[in-house]
Structures are given as C-alpha cells and as structure tokens.
Amino acid sequence: MSRLPHAIVALLVLAGCGTPAATPLAQPHQLPQASLATARPPLDGRVIGIDPGHNGRNYTDPAYLGHQVWNGREREDCDTTGTQTNAGYPEPRFTYRVATFLARDLRRLGAAVVMTRHSNHGVGPCVNRRARIIDAAHADVAVDIHADGGPSGGRGFAILEPVKDRVNRHVVGSSARFGMLIRRKLLAMTAMPVSTYDGHRGIAKRNDLAGLNLATQPKVLVECGNMRNAHDARMLTSNHFQHRLAAAFAAAIVSYLRR
C-alpha cells in the first residue's frame with residue numbers, strides 16, 4: 001500500500017481517526033481527494049510559540065546565565081544549563097529536538113511558528129527575552145518544552161501553569177484549559193505517566209517563572225519526564241518517543257484552537 005502524505009495522516013489522527021500505528025488507513029483512491037485539496041489546513045492563519053528550554057552551550061558562559069532578569073514578580077537568573085540523564089544526555093538537546101519536530105508538524109498543519117532559539121549551539125536567550133519573543137509575535141498559544149531533573153525514584157510529566165499576575169491575568173484560565181488538553185493528549189499518545197512527585201495529577205501552578213508570568217497568550221511549561229529516572233530517561237532519549245511527544249503537543253494545539 002502506498003503511504004499517505006504526512007499532513008493527511010496528521011489530519012486523520014487529529015480528527016480522532018486513530019494513529020497510523022493503531023488504525024489501518026484507507027487506500028489513497030478511497031479518500032475524498034478534491035475535498036482534501038481544497039480544505040484549509042486546521043491551523044491556517046494561526047501563530048504558535050515554541051520555547052525549547054535552555055541552550056546547548058549555556059554551560060560555557062556562567063556569568064551570562066547568572067545575571068539577574070525581572071520575571072514579572074522578582075529577579076531570577078537569566079537561564080540555567082538545564083539537567084541531563086545519568087548517562088550525560090543533556091536537556092537542551094532533548095528540548096530542541098522535540099521543538100523542531102513540533103514546528104515541522106505545525107507548519108504542515110498550516111501554522112506560522114515562532115521559536116525562541118534556532119539551534120542548539122548557542123547561549124541563551126534569557127528567560128524574559130524568550131517570553132518577549134513569543135509575545136511580540138502575537139502567538140495564539142505557546143508551549144515551553146523542558147525535562148526535569150527530579151528525584152531518581154520519581155517518574156512522569158508535569159504541566160506547569162501560570163497564576164494571575166499583572167501581565168498574564170487574562171490568559172490564566174485559557175492556559176489551564178490548554179494544559180488539560182496537553183495532559184489528555186500525552187496520556188493518550190505517549191506511554192509517559194503523570195508525575196509522581198510534582199503537582200497534583202500532573203498539574204502544578206507556578207508564579208516564579210518568567211515564561212509564564214510574562215506571557216500574553218495561553219501558555220504552559222511541560223516537564224516531559226524525569227531525566228534522573230532510569231525508565232523516563234530511556235524514553236526521553238528515544239527518537240520515537242520524541243516524535244510522539246511532538247505529535248501529542250500538535251494534537252493538543254489543534255484541539256485547543258478549534259474550540
């Protein structure tokens with residue numbers, strides 16, 4: 001059987017028709033080709049913000065990372081190096097790979113994508129600058145991609161949501177709705193469980209993160225798993241799992257923006 005274009009597969013998945021691995025797809029001649037050719041992509045005209053946490057060479061400039069920036073409530077470090085697995089796989093590599101997979105999927109669905117960094121070979125930008133990049137693009141929704149460095153016995157993903165502040169007060173409720181959709185898609189489309197140690201049922205409210213405090217669009221930060229847990233680390237470093245994460249984020253974004 002000839003393979004369908006990725007964008008059509010994505011549309012079928014996001015429409016609730018199952019995943020390519022789980023549900024046999026119809027032959028191309030059975031699809032309404034004229035309708036598919038003329039239909040607007042589900043994210044046509046939408047702007048999506050993606051913030052891949054940290055950067056691959058942050059470790060080379062501790063003075064830059066340590067200088068203080070205003071996060072909407074208080075001052076904090078410009079950024080950190082991020083965590084890594086016990087085998088040395090760094091968080092910035094993980095976040096950038098997932099972000100690039102997600103950006104590709106979103107563009108195939110018609111979206112314009114703004115990313116806070118475009119390689120994994122630099123330093124920064126600072127966390128407040130990352131928020132401003134996405135704000136200035138007037139994104140419809142945004143996601144910060146991270147992985148945690150939690151206790152070795154702890155497992156799972158956590159979705160960090162904003163609490164009301166001066167800048168973000170109008171998007172706190174919508175961010176919570178978006179976070180719940182991401183939670184559902186991660187549970188449905190990946191094998192990663194909710195966090196056993198952070199938040200409640202995988203949801204945590206945070207008021208100390210510039211990316212959330214300074215957001216002017218619905219936005220959450222996702223700790224996609226615990227890099228210090230051996231089981232989570234095997235998943236997080238897997239190319240297959242990284243693609244599944246991106247697909248889950250894309251599905252949540254489509255569901256949110258269709259409401």
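Note: hydrogens, waters and symmetry copies are ignored here, and every other heavy atom, side chains too, is used. Owing to the predicted nature of the structure, the values given are computational and were not obtained by experimental measurement.
A donor-acceptor distance shorter than 3.5 angstrom exists from the side chain of Lys219 to the backbone of Gly211, with no hydrogens or angles considered. Checking side-chain atoms of Asn229 against main-chain N and O of Asn226 turns up no donor-acceptor pair under 3.5 Å.
For Tyr64, the side-chain hydrogen bond (donor to acceptor under 3.5 Å, both in side chains) criterion is met by no residue, not counting sequence neighbours. Residues passing the side chain to side chain contact (heavy atoms under 4.5 Å, CB included) test with Ser195, sequence neighbours excluded: Ala158, Tyr197, Asp198.
Side-chain polar atoms of Asp77 and Gln68 form a donor-acceptor pair below 3.5 angstrom. Side-chain contact check for Thr95 and His146: no donor-acceptor pair (N or O, by modelled atom type) lies under 3.5 Å. In the model, Asn213 has no side-chain atom that pairs as donor or acceptor with a side-chain atom of Arg206 under 3.5 Å. Between the side chains of Asn58 and Thr81, no donor-acceptor pair of N or O atoms lies under 3.5 Å.
Residue pairs meeting the salt bridge (charged side-chain N to carboxylate O under 4.0 Å, His left out) criterion with at least one partner in residues 169-183, sequence neighbours excluded, are absent.
Here the straight-line distance linking atom CD of Glu91 with atom CD of Glu223 works out to 6.5 Å at 0.5 Å rounding. With rounding to the nearest 0.5 angstrom, the CD1 atom of Ile159 is 4.0 Å from the CD1 atom of Ile203.
Figure legend: cation-pi geometry between Arg97 and Phe94 absent, as NZ or CZ is not positioned both under 6.0 Å from the six-membered ring centre and within 45° of its axis.
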